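Every value quoted in this text rests on a predicted model; they were computed, and no experiment measured them. First the proteins, then the strands, lettered A, B, ... as listed; each starts at 1.
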Amino acid sequence: MSEHESYDPKSIEQKWQERWEADNLYRAKVDWSKPKHYALTMLPYPSGDLHIGHWFAMTPSDARARFKRMQGCNVMFPMGFDAFGLPAENAAVQRNIHPAKWTYANIERMRKQLRSMGAMFDWQREAVSCDPAYYKWTEWFFKVFYQNDLAYRSEALVNWSPTLQTVLANEQVIDGKDERTGQPVVQKLMTQWFFRYTRYIDELLNFDKIDWPEPIRIMQENWIGRSEGARVRFKIADAGVRYAAAISSTALHEGEGTGVSVDREIEVYTTRPDTLWGATFMVLAPEHALVEMLTTPEQAQSVADYKAAVARKTELERISDDKEKTGVFTGGYAVNPVSGARIPVWIADYVLITYGTGAIMAVPSGDQRDFDFARKYGLEIIPVVQPDDQPVLDGATMTEAWDGAGTMVNSGILNGLRCNGEKGRRNPSIAAAIQHIEQMGVGKEAVNYRLRDWLISRQRYWGSPIPIIYTADGTLETVPDERLPVVLPDDVEFIPSGRSPLTYHEPFLNTVDSQGRPAKRETDTMDTFMCSSWYHLRYLSPKYDAAPFDPEEAAYWLPVDTYTGGAEHATMHLLYTRWFNKASRDVGVFDDAMKIAAAHGRNPEEMFDEPMLQLRNQGQILGEERDGDVILATGRYDGEKLFADYVEVIDRTTMEAVRAEKQQAIVGEIVKRTERVLTVDVNGALRTVEVIDGATVVVPTIPGENNVNQLKHHLEIQRMSKSKGNVVNPDELVSMYGADAVRAYLMFGFDWSKGGPWNRKQIQGVVRWLNDVWEMCTTAPPTGTGDAAAEREIERSVQAAIARVSEGLETFSFNTPVAGLMSLRNDLRAAIRDNKLSADAWRSALRDMLLLMAPLTPHIAEELWLRMGFEYSIHLQTFPVYDADKARSEMTQLVIMKNGKPVGHIDVPVDISEADAQAAALASEIAKRFLNGSTPKKVVYVAGRNGMEPKVNIVV
RNA sequence: GGGGCAGUGGUGAAAUGGCAGCCACGAAGGUCUUAAAAACCUUUGCUCGUGAGAGCGUGUGGGUUCGAGUCCCACCUGCCCCACCA
């Protein structure tokens with residue numbers, strides 16, 4: 001037995017991590033002589049511990065970055081921390097730790113954990129968003145946007161979270177609840193800071209310049225929510241006479257977009273101007289500016305009551321009212337501009353002040369919500385689209401709205417026109433309606449968006465301050481550049497008042513304006529998405545102090561070539577950062593970088609329109625599966641063990657009842673199944689059931705005959721969380737198997753884009769692989785002279801592995817590179833075992849194998865590389881290039897198909913011609929068997945490409 | 001209600017329109033061992049068959065094609081996003 005050292009990851013991994021760092025092996029420096037590759041992975045929030053999900057996101061990205069580097073690119077792969085945010089502040093209140101202390105302690109811990117990945121992070125480019133040297137520039141960006149009219153302060157109905165004691169952006173509110181804590185959010189009129197997100201809508205809808213996943217593109221499009229239709233103005237009936245008093249007593253703001261026009265009109269937005277003749281009433285949002293003016297004295301009380309009731313409701317309650325529509329009549333009327341009908345104006349909370357003009361024309365025959373409302377309150381219904389092949393609609397007897405295709409009726413000049421059910425001008429009835437209302441001068445074609453401006457102010461302490469000063473006379477001033485950053489005071493007191501400590505910190509609060517007069521500071525801080533919108537720029541030069549980034553670095557590295565991270569950021573970070581980039585470009589942030597880039601021959605016009613060219617999303621690692629089928633098993637006992645001839649899956653809730661009834665049976669949950677042996681949990685006691693051959697298995701949820709394999713021993717996969725106790729700790733895995741094994745397993749065991757439930761068992765295969773590789777590379781070289789054919793075979797195996805690893809890494813398919821390397825391991829082991837390789841062939845194959853492994857498992861590759869006598873470092877070597885000549889074999893199998901189904905194959909030379917292949921196939925015994933001398937109808941030849949066998953399909 | 005993604009062995013999963021299930025895990029049998037673990041060898045999609053072999057197979061039903069897991073249509077199931085959006 002040969003004595004040799006076995007693979008011990010602990011003894012090599014830390015050693016190499018330290019050596020690489022000491023040697024600055026991964027330092028990324030501008031080098032115009034080499035092509036650059038900026039690989040970026042989403043930075044973590046320093047919550048305290050690195051999660052297996054971070055490993056899943058980062059280590060495959062690292063493998064790809066390493067691969068690009070070995071292919072000759074100058075690669076930058078930075079890392080940092082998104083360090084502002086509420087959890088730090090909550091920790092401060094709950095545990096009396098300063099947010100900075102809590103955050104930096106976590107960062108310290110996570111840095112160590114990140115280092116244990118063995119990733120090629122360039123730590124000299126690390127950026128931490130709560131560092132004053134970083135947020136100085138976050139403040140600077142705000143200021144530049146403000147000075148260029150891209151930031152503004154305005155009163156608006158905003159999402160206020162009573163739990164978090166701050167406002168939130170729309171993106172952070174889901175189903176009327178705060179996306180982080182799930183607590184309800186209320187609508188509140190407040191003065192807040194916004195960015196002009198909507199100014200860039202058209203550009204944000206254009207994805208031509210970026211290679212991003214379709215689902216992300218679609219989510220962003222839906223989030224922006226472009227819709228085509230028309231704005232139509234409805235005159236208020238009797239406005240001049242009846243409401244003169246109300247108008248004069250109300251401070252009405254007039255102008256476009258406010259829903260109030262100088263002519264005392266109500267403006268609505270509709271996607272269906274063709275149904276205008278069917279508008280039998282109007283509905284205003286309760287908060288609409290015209291409500292007071294429209295309300296008659298008789299209705300005043302009920303309108304006031306309704307408005308008060310709506311104001312009390314949270315957004316959540318407004319949504320979850322079982323879709324039962326409520327509303328009240330204002331007493332006021334408007335005039336349908338096309339039919340001239342006098343129609344009542346209602347208020348209802350199903351109309352949102354935040355969308356369109358906050359007012360709608362209600363067409364009950366064409367919109368189900370309007371229909372429900374009309375039926376409930378006895379309002380008129382006039383059908384305007386007559387569906388084909390159906391009885392003539394009658395407003396009095398209709399049971400639901402019709403929003404499909406049909407013929408226009410009861411619609412004046414539109415009568416008889418076709419409504420094809422499509423949106424916008426593609427629909428003839430809509431096109432005609434738009435033309436009509438524009439001619440009449442009562443409305444015009446319009447595009448509406450769901451997207452609203454980005455609300456960036458937060459009433460919290462732990463965020464980047466907003467560099468604004470309020471002078472004594474109430475005007476705004478920006479803090480001069482030389483006094484940036486406005487630094488968060490350290491000596492703050494956290495009391496559970498809910499208020500930001502900045503609001504009662506006198507030294508922070510009190511300052512002077514540009515004239516030296518007393519003034520107050522803005523106490524709101526910025527949304528943390530502001531910090532993460534430009535962190536990829538700070539990585540370029542995290543210590544640079546003359547600008548947010550060094551233009552020399554930007555000119556070379558930008559834009560980000562590959563961005564990886566979770567898809568959950570689709571409508572938040574990934575949209576914000578695109579806006580931020582476009583806004584920055586337009587205010588000249590990139591001007592210097594553009595000049596430098598142009599001087600080096602790059603086209604600056606194409607560099608700064610989008611921040612990240614290619615985006616790929618990884619899936620999520622879920623908790624391990626649990627909960628199996630509950631079964632009833634009967635049969636013959638042998639001691640404690642049951643040999644079952646009958647197994648039925650039963651409902652969990654009936655388990656106790658069935659157990660009481662069938663005392664001889666085993667009734668319980670399957671906690672484990674190994675082929676036909678079940679381990680069943682019967683009230684905590686584990687029983688063994690062997691399902692015998694020919695047993696009856698009944699699984700009600702699976703129709704047809706069932707077999708033992710359909711019994712599930714675990715179900716219900718869940719997200720990992722501390723409360724569920726299903727968290728997989730990467731540190732433990734690393735200490736058990738080593739970082740290389742964890743890296744390789746995460747790449748091998750999952751579809752990276754999908755993720756999936758954790759499975760502790762499968763890692764064994766990767767551990768075996770690394771052990772085998774270790775053994776092959778540390779055993780003495782073979783002494784035989786080698787077998788030429790076997791050596792050729794190994795050469796082909798190496799080429800196949802090169803192809804699989806290269807292609808997999810290029811396309812973010814991390815499973816196949818590992819599989820390819822395992823195959824190579826299998827082939828090599830067999831050849832070595834049979835002593836078929838000469839020392840040269842052996843060494844050459846192992847050399848390539850280690851190079852292929854280097855991006856995936858960097859430590860073991862480096863260690864074995866040096867042990868085999870190659871030069872440090874493997875990570876500075878060139879990646880093997882696929883060689884089609886070496887990969888080609890002399891003979892191949894020609895697949896013979898009958899009507900497209902493979903029926904056999906014959907050996908042929910790999911360079912066989914089409915004619916020869918067809919002739920050989922037709923002459924083969926296989927073809928003769930089914931042809932029986934007859935002539936085939938058709939013969940199709942498929943050439944063998946990329947290692948695939950050639951085929952001849954014979955159609956009979 | 002709108003939009004998206006996915007459905008392949010016992011499990012994780014592969015598969016440029018061209019031999020479905022590469023590579024692993026698990027399992028069964030065997031070797032070694034006092035025994036176990038580890039390691040090694042064989043088998044392993046399902047059904048029938050002692051066997052050679054035959055038939056069936058990528059959620060369901062249609063379609064396109066010489067040929068469909070892959071493309072198109074409809075449906076079922078699961079997950080995700082959005083949602084009184086006018």
Side-chain angles (χ1 to χ4, degrees), chain A residues 174-175 213-219 221-223 225 227 229 268-272 283 318-319 321 323-325 348-352 354-363 366-370 372-373 448-450 567-568 570-571 620 625 673-677 705 707-714 717 745 748-751 753-754 756-766 768-769 771 804 807 813 815-816 818-823 825-826 833 893 895-905 936-946 948-956:
Chain A
I174 293 163
D175 283 344
E214 276 296 289
I216 298 287
R217 198 206 77 201
I218 290 163
M219 272 192 258
E221 281 175 1
N222 291 345
W223 185 257
S227 73
V268 300
Y269 171 74
T270 177
T271 55
R272 293 297 304 275
V283 186
R318 251 176 104 151
I319 292 164
D321 265 357
K323 307 263 178 193
E324 175 71 20
K325 310 265 174 295
D349 66 358
Y350 81 89
V351 175
L352 308 177
T354 49
Y355 185 78
T357 62
I360 62 160
M361 63 176 209
V363 183
D367 182 290
Q368 193 57 40
R369 290 159 305 174
D370 298 344
D372 295 342
F373 195 81
N448 195 56
Y449 300 94
R450 206 185 77 105
E568 67 274 13
T571 56
Q620 200 171 20
E625 301 185 5
R673 182 176 71 74
T674 49
E675 299 294 294
R676 44 203 325 128
V677 179
E705 280 204 354
N707 63 45
V708 65
N709 292 335
Q710 288 163 326
L711 296 171
K712 294 281 185 195
H713 69 277
H714 47 48
I717 310 136
Y745 176 54
F748 178 65
F750 302 86
D751 175 341
S753 64
K754 236 168 62 180
W758 180 255
N759 182 335
R760 75 186 74 216
K761 282 181 189 162
Q762 303 250 37
I763 197 169
Q764 250 341 299
V766 168
R768 284 182 191 136
W769 167 53
N771 280 327
R804 266 187 110 173
E807 195 187 320
S813 310
N815 168 299
T816 45
V818 183
L821 284 162
M822 286 178 173
S823 274
R825 174 264 320 253
N826 293 343
R833 185 190 56 203
Q893 289 184 336
V895 179
I896 298 169
M897 299 168 122
K898 177 191 171 191
N899 296 335
K901 285 182 74 170
V903 287
H905 48 76
K937 283 185 193 152
K938 192 174 183 179
V939 180
V940 180
Y941 173 73
V942 184
R945 285 163 299 177
N946 299 341
M948 240 184 295
E949 289 79 7
K951 283 140 201 111
V952 172
N953 187 16
I954 301 167
V955 184
V956 293

Going through the checks in order, is the side-chain contact (heavy atoms from CB on, under 4.5 Å) test met by A/Val940 and A/Lys938? CA-CA 7 Å; A/Val940 180; A/Lys938 192 174 183 179; 4.3 Å; yes
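Nucleotide B/A15 holds its P atom 12 Å from the CE atom of A/Met948, rounded to whole Å. Look at CZ on A/Phe750: it is 12 Å from C1' on B/C25, rounded to the nearest Å. If you take OH of A/Tyr355 and P of B/C82, they are 17 Å apart, rounded to a whole angstrom. Atom C1' of nucleotide B/A15 and atom CG of A/Asp751 are separated by 13 Å, given to the nearest angstrom. Here B/C84 presents its P atom at 17 Å from CD of A/Gln368, a figure rounded to the nearest Å. The distance from atom CG of A/Leu352 to atom P of B/C82 is 16 Å, rounded to the nearest whole Å. Regarding A/Lys325, its NZ atom lies at a distance of 11 Å from the C1' atom of B/G1, rounded to whole Å. Summarising the geometry, the separation between OH on A/Tyr269 and C1' on B/A86 is reported as 8 Å, rounded to the nearest angstrom.
The side-chain hydrogen bond (donor to acceptor under 3.5 Å, both in side chains) check on A/Tyr941 picks up nothing, with sequence neighbours excluded. Residues passing the side-chain hydrogen bond (donor to acceptor under 3.5 Å, both in side chains) test with A/Arg217, sequence neighbours excluded: A/Glu214, A/Glu221.
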Pairs: protein N or O with nucleotides 66-69 of chain B N or O, under 3.5 Å:
| unit_1 | atom_1 | unit_2 | atom_2 | d |
| --- | --- | --- | --- | --- |
| B/C66 | OP1 | A/Lys938 | NZ | 3.4 |
| B/C66 | O2' | A/Asn953 | ND2 | 3.2 |
| B/C66 | O2 | A/Asn953 | ND2 | 2.4 |

Atom pairs, N/O to N/O, protein against nucleotides 22-24 of chain B, distance under 3.5 Å?
| unit_1 | atom_1 | unit_2 | atom_2 | d |
| --- | --- | --- | --- | --- |
| B/C22 | O2 | A/Arg804 | NH1 | 3.4 |
| B/C22 | O2 | A/Arg804 | NH2 | 2.3 |
| B/A24 | OP1 | A/Arg825 | NH2 | 2.8 |
| B/A24 | OP1 | A/Asn826 | OD1 | 3.1 |
| B/A24 | OP1 | A/Asn826 | ND2 | 2.5 |

Please tabulate, one pair per line, each protein N/O and nucleotide N/O from nucleotides 3-7 of chain B that are separated by under 3.5 Å, including the distance.
| unit_1 | atom_1 | unit_2 | atom_2 | d |
| --- | --- | --- | --- | --- |
| B/G3 | O2' | A/Asn222 | ND2 | 3.3 |

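The cationic group of A/Lys325 does not satisfy the cation-pi geometry with A/Phe373, failing either the under 6.0 Å distance to the six-membered ring centre or the 45° limit from the ring axis.
In this structure, CE on A/Met822 lies 12.0 Å from OG1 on A/Thr816, to the nearest 0.5 angstrom. Here A/Ile954 contributes atom CD1 and A/Lys898 contributes atom NZ; the two are 10.5 Å apart, rounded to the nearest 0.5 Å.
Taking atom P on both B/C82 and B/C66, the two are 45 Å apart, rounded to the nearest angstrom. Nucleotides B/C48 and B/A38, compared at atom P, are 33 Å apart to the nearest Å. Atom P of B/G4 sits at a distance of 26 Å from the matching atom of B/G9, rounded to the whole Å. Annotation: B/C85 and B/G3 have their P atoms spaced 13 Å apart (nearest Å). The same atom, C1', is picked in B/C23 and in B/A13; the two are 8 Å apart, to the nearest Å. Using C1' as the reference atom, B/U70 and B/A14 are 13 Å apart when rounded to the nearest Å. With both ends at atom P, the span from B/A24 to B/G45 equals 15 Å, rounded to whole Å. B/G57 and B/C73 have their C1' atoms separated by 24 Å, with the value rounded to a whole Å.
Looking at A/Asn899, its side chain does come within 3.5 Å of a backbone N or O of A/Val956 through a donor-acceptor pair. At least one donor-acceptor pair closer than 3.5 Å links the side chain of A/Lys951 to the backbone N or O of A/Glu949. At distances below 3.5 Å, at least one donor-acceptor pair connects side-chain atoms of A/Thr270 with backbone N or O atoms of A/Arg272. With hydrogens and angles disregarded, a donor-acceptor distance shorter than 3.5 Å links the side chain of A/Asn953 to the backbone of A/Gly900. A/Asp367 contributes a side-chain N or O that, together with a main-chain N or O of A/Asp370, makes up a donor-acceptor pair within less than 3.5 Å.
Using a 4.0 Å heavy-atom distance criterion, A/Trp223 is classed as a sugar-phosphate-only contact. Among the atoms of the strands shown, none is found under 4.0 Å from any heavy atom of A/Met361. Among the heavy atoms of the strands, none lies under 4.0 Å from A/Arg760. Counting any heavy atom pair closer than 4.0 Å across all strands shown, A/Glu221 reaches no nucleic acid atom. Residue A/Glu568 is classed as having no contact, given no heavy-atom separation below 4.0 Å to the nucleic acid.
A stem is defined here as three or more consecutive Watson-Crick or G-U pairs, each with both distances under 3.5 Å; for RNA chain B these stems are B:1-7 with B:76-82, B:10-12 with B:23-25, B:26-31 with B:39-44, B:45-48 with B:53-56, B:59-63 with B:71-75.
Each of A/Val895 and A/Ala359 was matched to the nucleotide of RNA chain B holding its nearest heavy atom; the match closer to the 5' end belongs to A/Val895.
Because its glycosidic torsion is within 90° of 0, B/G9 is reported here as syn.
Inspection of the A/Asp372 and A/Tyr350 side chains reveals no N or O donor paired with an N or O acceptor under 3.5 Å.
Relative orientation of the A/Tyr269 and A/Tyr355 rings is perpendicular, given thresholds of 30° and 60° on the angle between their planes.
Residues A/Val895 and A/Val952 are not in side-chain contact: their nearest non-hydrogen atoms beyond the backbone lie 4.5 Å or more apart. Between A/Tyr449 and A/Trp223, every side-chain heavy-atom pair lies at or beyond the 4.5 Å cut-off.
A/Tyr745 and A/Trp769 have their aromatic ring centers separated by at least 6.0 angstrom.
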